[in-house]
Amino acid sequence: MVGRNEPCPCGSGKKYKKCCESKETTTIEEVQSEELERILQTFYEEYPERKDLPEYLELVKTWSDPLKKYLEREMIEAIVLDEFFFQHRPDIWRDYLEKQQKKVVRPSTLEVLKMWDGPRVYIGEVEEVEESYLTVKNIFTKEIIQLRRESEKPVPVGMHVYCFVLPDGTTENHFLAISSLIFFPTDHKSVFESLVKQYEEQQELSPQDFLKENGQTIWRLLGENGYEGGEYTHFEAGVLQVAIDFLKENNRAYEDLLEIVEDYLFEQQPNARKEVAIAAGAIRFGQENGLFEPLNLTVKEIAENFQVSTSSLNKYYHELNGYYESMKVSK
């Protein structure tokens with residue numbers, strides 16, 4: 001146990017009583033993590049500076065012309081912002097980091113910042129999902145890293161993820177995403193397989209150089225393959241839309257049901273032949289669990305509305321019920 005007058009184990013240089021003693025339920029790792037998050041957040045709040053805006057906006061224009069038919073401008077700007085900072089003008093990041101290192105007093109945080117000089121773009125496939133980290137394999141080098149999860153939202157194995165990464169300061173091979181993690185539905189697996197083939201044909205380039213030269217092309221290929229910025233496959237989006245349309249037609253709220261069905265589709269990846277079968281099961285599930293005002297429809301009537309068999313409807317009703325119960329237990 002640390003004495004109140006002893007140096008604080010967080011490495012701040014202060015006495016324990018003047019530092020972390022008051023944070024009784026907060027670990028040293030959590031304090032450091034919060035400090036690192038603040039440093040990242042402040043960077044995006046302060047940069048790019050006015051003098052650098054014309055160069056950034058020119059890059060946005062260069063990317064927008066071929067991509068605007070596929071992606072919303074807001075998403076293009078967010079993608080290009082990281083490209084600008086970490087691929088085209090890394091000096092902006094390095095200058096900011098140097099200033100932060102002069103301000104930080106906690107040695108453990110300073111050690112992490114010294115490892116932050118080279119953010120890199122990372123495209124990988126999710127291999128395993130744990131409470132705090134995703135096990136992700138780099139599609140080019142097969143390097144496996146532990147990538148910190150940003151939320152409790154379910155992430156199915158097999159999805160691809162895109163982000164710029166930095167060491168998170170915990171243990172070796174553990175990383176965090178600088179900005180948002182972008183997940184791609186399994187619909188786009190063929191795009192990433194194509195990228196790997198292109199990379200293998202250009203062995204003289206490192207993965208980072210390949211991604212810098214082909215950054216815009218990656219998003220164009222995804223757009224041509226139907227990617228519009230969502231995390232759902234076309235099938236999953238279809239299920240949700242069928243359920244929403246049905247509830248709207250019947251003047252019922254759909255938000256509560258949708259939240260559960262989204263997670264079920266995303267995490268369980270049900271293997272159905274028809275979108276309407278899952279949607280019909282979802283309507284019975286929502287009605288019987290009070291997720292919207294009852295429609296007073298029998299199972300047979302719901303099945304007839306969606307033109308599916310009662311057995312198909314019941315299959316997904318039971319799956320949703322089981323998933324819902326397991327979620328309540330885990331919470």
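Below, each value reflects all heavy atoms present in this structure, side chains not excepted, and no hydrogens, waters or symmetry copies.
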Modelled atom types, side-chain donor and acceptor of T135 and E127, under 3.5 Å: no

task: Return yes if a side-chain donor-acceptor contact under 3.5 Å exists between E236 and Q269, otherwise no.
output: yes

- prompt: For D82 and Y44, what are the C-alpha separation, side-chain angles and deciding distance, and is it a side chain to side chain donor-acceptor pair (under 3.5 Å)?
  reply: CA-CA 10 Å; D82 283 347; Y44 281 94; 2.5 Å; yes

- prompt: Between the side chains of E37 and Q41, is a donor N or O closer than 3.5 angstrom to an acceptor N or O?
  reply: no

message: Is it true that Q268 and Y323 share a donor-acceptor pair across their side chains at a distance under 3.5 Å?
response: no

query: Are L221 and Q198 close enough that some pair of their side-chain heavy atoms sits under 4.5 Å apart?
result: yes

- prompt: Which residues pass the ring pair (Phe, Tyr, Trp, His ring centres under 6.0 Å) test with Y324, sequence neighbours left out?
  reply: F285

message: Is it the case that atom CD in Q307 sees more than 12 heavy atoms from other parts of the structure closer than 6.0 Å?
response: no

- prompt: Does atom CD of E259 have more than 12 heavy-atom neighbours, drawn from other residues, nucleotides or ligands, at distances under 6.0 Å?
  reply: no

message: Just by distance, no angles: are the side chains of E325 and N321 close enough, under 3.5 Å, to form a donor-acceptor pair?
response: no

- request: Mark yes when over 12 heavy atoms from residues, nucleotides or ligands other than E131 sit less than 6.0 Å from its CD; otherwise mark no.
  value: no

- request: Could you walk me through whether F140 and F210 pass the side chain to side chain contact (heavy atoms under 4.5 Å, CB included) test, one step at a time?
  value: CA-CA 10 Å; F140 302 111; F210 173 80; 3.8 Å; yes

Which pairs of donor and acceptor atoms, one on a side chain in residues 46-53, lie under 3.5 Å apart (sequence neighbours left out)?
| from | atom 1 | to | atom 2 | distance (Å) |
| --- | --- | --- | --- | --- |
| D52 | OD1 | R89 | NH1 | 3.3 |

message: Quick check: do F306 and K274 have side-chain heavy atoms less than 4.5 Å from each other?
response: no

task: Step by step, work out the side chain to side chain contact (heavy atoms under 4.5 Å, CB included) result for L110 and Q101.
output: CA-CA 6 Å; L110 190 58; Q101 289 174 352; 3.7 Å; yes

task: Would you please indicate yes or no on a ring centroid separation below 6.0 angstrom for F175 and W116?
output: no

field: Atom NZ of K69: over 12 foreign heavy atoms under 6.0 Å
entry: no

- prompt: Do the charged groups of D95 and K99 touch, with an N to O distance under 4.0 Å?
  reply: no

- prompt: So, do F86 and W93 have ring centers that fall under 6.0 Å from each other?
  reply: yes

field: Lys NZ or Arg CZ of R252 over F292 ring: under 6.0 Å, within 45°
entry: no

Only distances under 3.5 Å count here; give the side-chain donor-acceptor pairs of residues 161-170 to other protein atoms, sequence neighbours excluded, each with its distance to 0.1 Å.
| from | atom 1 | to | atom 2 | distance (Å) |
| --- | --- | --- | --- | --- |
| Y162 | OH | E83 | OE2 | 3.1 |
| D168 | OD1 | T170 | N | 3.0 |
| D168 | OD1 | T170 | OG1 | 2.6 |
| D168 | OD2 | Y133 | OH | 2.4 |
| D168 | OD2 | R148 | NH2 | 3.3 |
| D168 | OD2 | T170 | OG1 | 3.3 |

message: If the threshold is 4.0 Å, N to carboxylate O, is there a salt bridge linking K197 and E193?
response: no

message: In the structure I gave you, are the side-chain heavy atoms of N138 and I144 within less than 4.5 Å of one another anywhere?
response: no

message: I'd like to check E319 versus K315 (side-chain heavy atoms, cut-off strictly below 4.5 Å). Are they in contact?
response: yes

- prompt: Considering only heavy atoms from C-beta outward, does the side chain of K212 approach that of V121 to under 4.5 Å?
  reply: no

field: pair K189-T186: side-chain heavy atoms closer than 4.5 Å
entry: no

query: Is it the case that more than 12 heavy atoms not belonging to E301 sit under 6.0 Å from its CD atom?
result: yes

task: Check whether the side chains of S206 and D209 place a donor and an acceptor atom closer than 3.5 Å, and report yes or no.
output: yes

task: Indicate the ring-plane relationship of Y227 and H188, choosing parallel, tilted or perpendicular according to the 30° and 60° boundaries.
output: perpendicular

task: List the steps, then state whether side chain to side chain contact (heavy atoms under 4.5 Å, CB included) holds for V276 with V239.
output: CA-CA 6 Å; V276 289; V239 171; over 6 Å; no

statement: Partner of Y56 under ring pair (Phe, Tyr, Trp, His ring centres under 6.0 Å), picked from F85, F84, W63, is F84

